[in-house]
Amino acid sequence: MSEAGNKQKPRVVAIVGPTATGKTDAAVAVCTALSGEAISMDSMQIYRRLSIGTAKPSAAEMGGIPHHMLSIVEPETAYSVAEYQRDALAAMESVLARGNLPAFVGGTGLYLQAVSHPLRFAEAGGASPVRERLQQEAEQPGGAEALHIRLAKVDPESAERLHVNNTRRVIRALEIFETTGTPMSEAISDWEAEPDQDWRIFALTMPREALYARINARVDIMVARGLIDEVRSLLQSGLPRECQALQAIGYREIVEMLDGRCTQAEAVEAIKMNSRRYAKRQLTWLRRDSRIEWMNLADFDNPSALHAMLVARIWEGRGGDKNAGN
RNA sequence: GCCUUGGUAGCUCAGAUGGUAGAGCAGUAGACUGAAAAUCUACGUGUCGGUGGUUCGAUUCCGCCCCAAGGCA
């Protein structure tokens with residue numbers, strides 16, 4: 001106990017999965033049963049004033065459970081993974097300090113990695129003049145290829161990894177090298193860095209067809225609840241169309257519609273389609289994480305049964321309690 | 001009832017003087033380290049409506065039938 005090497009790592013839970021699988025409810029159930037606090041792991045619920053389209057939990061849905069990392073920045077802000085990592089880990093520490101169970105909930109795969117491994121990022125941060133210059137270069141004819149070739153010279157490993165057409169990534173790698181002098185491949189950590197916590201990660205899922213049906217239905221509900229007005233008032237308040245927050249699914253399509261480039265029916269269909277594709281990408285991301293314990297809604301009579309199982313699994317594996325018992 | 005035009009991939013359609021067919025979209029799989037709800041990559045076999053006939057060979061030509069849309073009665 002006094003030896004650092006034997007120190008018990010604190011138990012931390014994460015509930016992940018594609019959009020519309022009921023993660024929020026599951027997290028509230030877990031927190032209620034195990035005196036936990038929820039920490040959102042969602043790149044868009046971070047923003048204030050984006051509520052309906054991000055399916056941000058309402059006060060009622062939170063069921064009295066404290067939620068962190070929700071509505072913490074203004075929508076005009078460009079928030080990034082590195083900031084998320086810093087802020088979310090701080091939130092986690094505060095939950096731990098209170099003796100409660102941190103329960104991360106959300107569907108942003110990169111954010112999960114950032115806090116649970118944890119990733120070490122390069123020194124060079126967000127948007128910069130260097131990035132802007134590289135972006136302009138990329139737009140020249142043959143620019144993307146030229147940048148990729150340049151990257152291959154200074155950081156062959158990253159160039160190998162990155163497809164020429166993935167300009168955004170090529171630029172980032174170049175940006176890291178140009179501003180720090182270190183190639184990206186050396187500046188960042190491995191995927192598999194050991195975390196300081198004892199993570200228990202559960203992914204909620206369901207058969208593809210059922211998932212898609214739920215997503216479609218949820219989009220209709222969002223529209224019925226006033227998604228269009230939400231977007232309209234965001235624009236009216238002067239929020240620029242190019243900002244990160246308005247790139248969110250459900251927002252960019254409505255902006256298109258409000259600008260008269262498509263009908264409402266088309267916008268709604270596009271939101272459904274983009275949400276389905278997003279869910280598919282989320283699944284792809286999660287599948288490669290071997291730590292994840294999958295929970296298929298189809299195997300349970302109802303969500304409550306799944307919640308009970310979740311609680312039981314987390315409880316039984318709780319290292320601290322097990323040791324306290326002997 | 002008659003005439004016309006269609007019936008080819010989940011959808012919209014293309015195509016071959018007869019040698020079993022291909023685009024877009026959808027879909028699927030994958031990648032992912034400071035935009036990640038972002039960005040990027042790969043993947044096209046389907047009784048060519050049914051059934052008879054001609055033919056070495058029919059989805060393609062011919063007959064009949066079914067279905068859809070339009071027109072005439």
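Worth saying up front: this structure is predicted, and the values here are computed from it rather than measured. Sequence lines set the chain letters: A, B, ... in the order given, protein chains first and strands last, and positions in each chain run from 1. For the numbers below, each heavy atom of this structure counts, side chains included, while hydrogens, waters and symmetry mates do not.
Nucleic acid contact for A/Q135: base, since at least one base atom lies under 4.0 Å from a heavy atom of the residue. A/Y212 comes within contact range of the sugar-phosphate backbone alone, with a heavy-atom separation under 4.0 Å but no base atom that close. Across all strands, A/Y111 comes closer than 4.0 Å only to sugar-phosphate atoms, never to a base (heavy-atom distances). Note on A/R281: a base of the nucleic acid sits closer than 4.0 angstrom, heavy atoms only. Using a 4.0 Å heavy-atom criterion, one finds that A/T54 contacts the bases of the nucleic acid, with or without backbone contacts as well. A/G250 comes within contact range of no nucleotide atom at all, as no heavy-atom separation falls under 4.0 Å. Among the atoms of the strands shown, only primed sugar atoms or phosphate atoms (P, OP1, OP2) are found under 4.0 Å from some heavy atom of A/R277. Among the atoms of the strands shown, only primed sugar atoms or phosphate atoms (P, OP1, OP2) are found under 4.0 Å from some heavy atom of A/R208. Among the heavy atoms of the strands lying under 4.0 Å from A/Y79 are primed sugar atoms or P, OP1, OP2 only; no base atom is included. No engagement by A/N274 is indicated, since no non-hydrogen atom pair under 4.0 Å with the nucleic acid exists. Using a 4.0 Å heavy-atom cutoff across all strands shown, A/T108 reaches sugar-phosphate atoms only and no base atom.
For A/R172 and B/G34, the shortest distance from a side-chain N or O to OP1 or OP2 is below 4.0 Å. Contact annotation: A/R161 side-chain N/O to B/A31 OP1/OP2 distance is not under 4.0 Å. Between A/K280 and B/A29 there is a side-chain N or O to OP1 or OP2 distance below 4.0 Å. Contact annotation: A/Q244 side-chain N/O to B/A36 OP1/OP2 distance is under 4.0 Å. Residue A/R120 places none of its side-chain N or O atoms closer than 4.0 Å to OP1 or OP2 of B/G34.
Here the side chain of A/H68 pairs no donor or acceptor atom with the backbone of A/P102 at under 3.5 angstrom. With hydrogens and angles ignored, the 3.5 Å screen pairs a side-chain donor or acceptor of A/E253 with a backbone N or O of A/G250. Distance alone, capped at 3.5 Å, places no donor-acceptor pair between the A/D155 side chain and the A/L151 backbone.
Between the CD atom of A/E209 and the P atom of B/G10 there is a distance of 15 Å, given to the nearest Å. Taking atom NE2 on A/H117 and atom P on B/G34, their separation rounds to 16 Å, with Å as the unit. Rounded to whole angstrom, the span from the CZ atom of A/R131 across to the C1' atom of B/A35 amounts to 7 Å. The nearest whole Å value for the distance from the CG atom in A/L283 to the P atom in B/U28 is 10 Å. Computed from coordinates, the A/E269 CD to B/G27 P distance equals 11 Å when rounded to whole Å. Atom P of nucleotide B/C40 and atom CD1 of A/I171 are separated by 11 Å, given to the nearest angstrom. Between A/R169 atom CZ and B/U41 atom C1' there is a gap of 12 Å when expressed in whole angstrom units. B/U39 atom C1' lies 10 Å from atom CG of A/L162, rounded to whole Å.
Base pairing of B/A16: no nucleotide in any strand meets the Watson-Crick or G-U wobble criterion (both distances under 3.5 Å). Pairing for B/C2 goes to B/G71, judged as Watson-Crick or G-U wobble with the two contacts each under 3.5 Å. For B/G10, the paired base is B/C25 (Watson-Crick or G-U wobble, both distances below 3.5 Å). Across all strands shown, B/C48 forms no Watson-Crick or G-U wobble pair with both distances under 3.5 Å. Nucleotide B/A37 forms no Watson-Crick or G-U wobble pair with any nucleotide shown, as no partner meets the under 3.5 Å limit on both distances. Pairing for B/U60 is absent, judged as Watson-Crick or G-U wobble with the two contacts each under 3.5 Å.
Side chain of A/T284, nearest nucleotide from B/A36, B/G34, B/G30: B/G30. Side-chain atoms of A/N166 lie closest to B/C40 of the nucleotides B/C40, B/A37, B/G34. Closest approach to the A/N165 side chain among B/A36, B/A26, B/U41 is made by B/U41 (side chain taken as heavy atoms from C-beta onward). Picking from B/C25, B/G34, B/U28 the nucleotide with the shortest atom distance to the side chain of A/S80 gives B/G34.
For the C1' atom pair drawn from B/A35 and B/C43, the interatomic distance equals 28 Å after rounding to whole Å. Separation of the C1' atoms belonging to B/G71 and B/C65 is 22 Å when rounded to the nearest angstrom. When the C1' atom is used for both B/G27 and B/U4, the distance is 37 Å, rounded to whole Å. B/G19 and B/C13 have their C1' atoms separated by 24 Å, with the value rounded to a whole Å. For the P atoms, the distance linking B/U20 with B/A37 amounts to 48 Å, nearest Å. Only the P atoms considered, B/A42 is 13 Å distant from B/C25, to the nearest whole Å. Across the C1' atoms, B/A58 and B/U8 are found 15 Å apart, a figure rounded to whole Å. The gap from the P atom of B/G70 to that of B/C61 amounts to 26 Å, rounded to the nearest Å.
When each of A/R252 and A/W285 is assigned the nucleotide of RNA chain B with its nearest heavy atom, A/W285 is the one assigned upstream, toward the 5' end. With the nearest nucleotide of RNA chain B identified for both A/F121 and A/A55, A/F121 has the one nearer the 5' end.
The aromatic rings of A/Y84 and A/Y111 sit parallel to each other, their planes meeting at less than 30°, with 60° as the upper class boundary.
For A/W199 and A/F104, the ring centers are positioned less than 6.0 Å apart.
Under 3.5 Å, the side chain of A/D42 and the base of B/A37 form at least one donor-acceptor pair of N or O atoms.
Heavy atoms from other residues, nucleotides or ligands lying under 6.0 Å from CD of A/Q264 number 12 at most.
If you check the side chains of A/Y278 and A/Q282, you find a donor sitting under 3.5 Å from an acceptor. Side-chain contact of A/R49 with A/S233: a donor-acceptor pair under 3.5 Å is absent, judged by distance alone.
Under the 4.0 Å criterion applied to side-chain N and carboxylate O atoms, A/D220 and A/K272 are assigned as salt-bridge partners.
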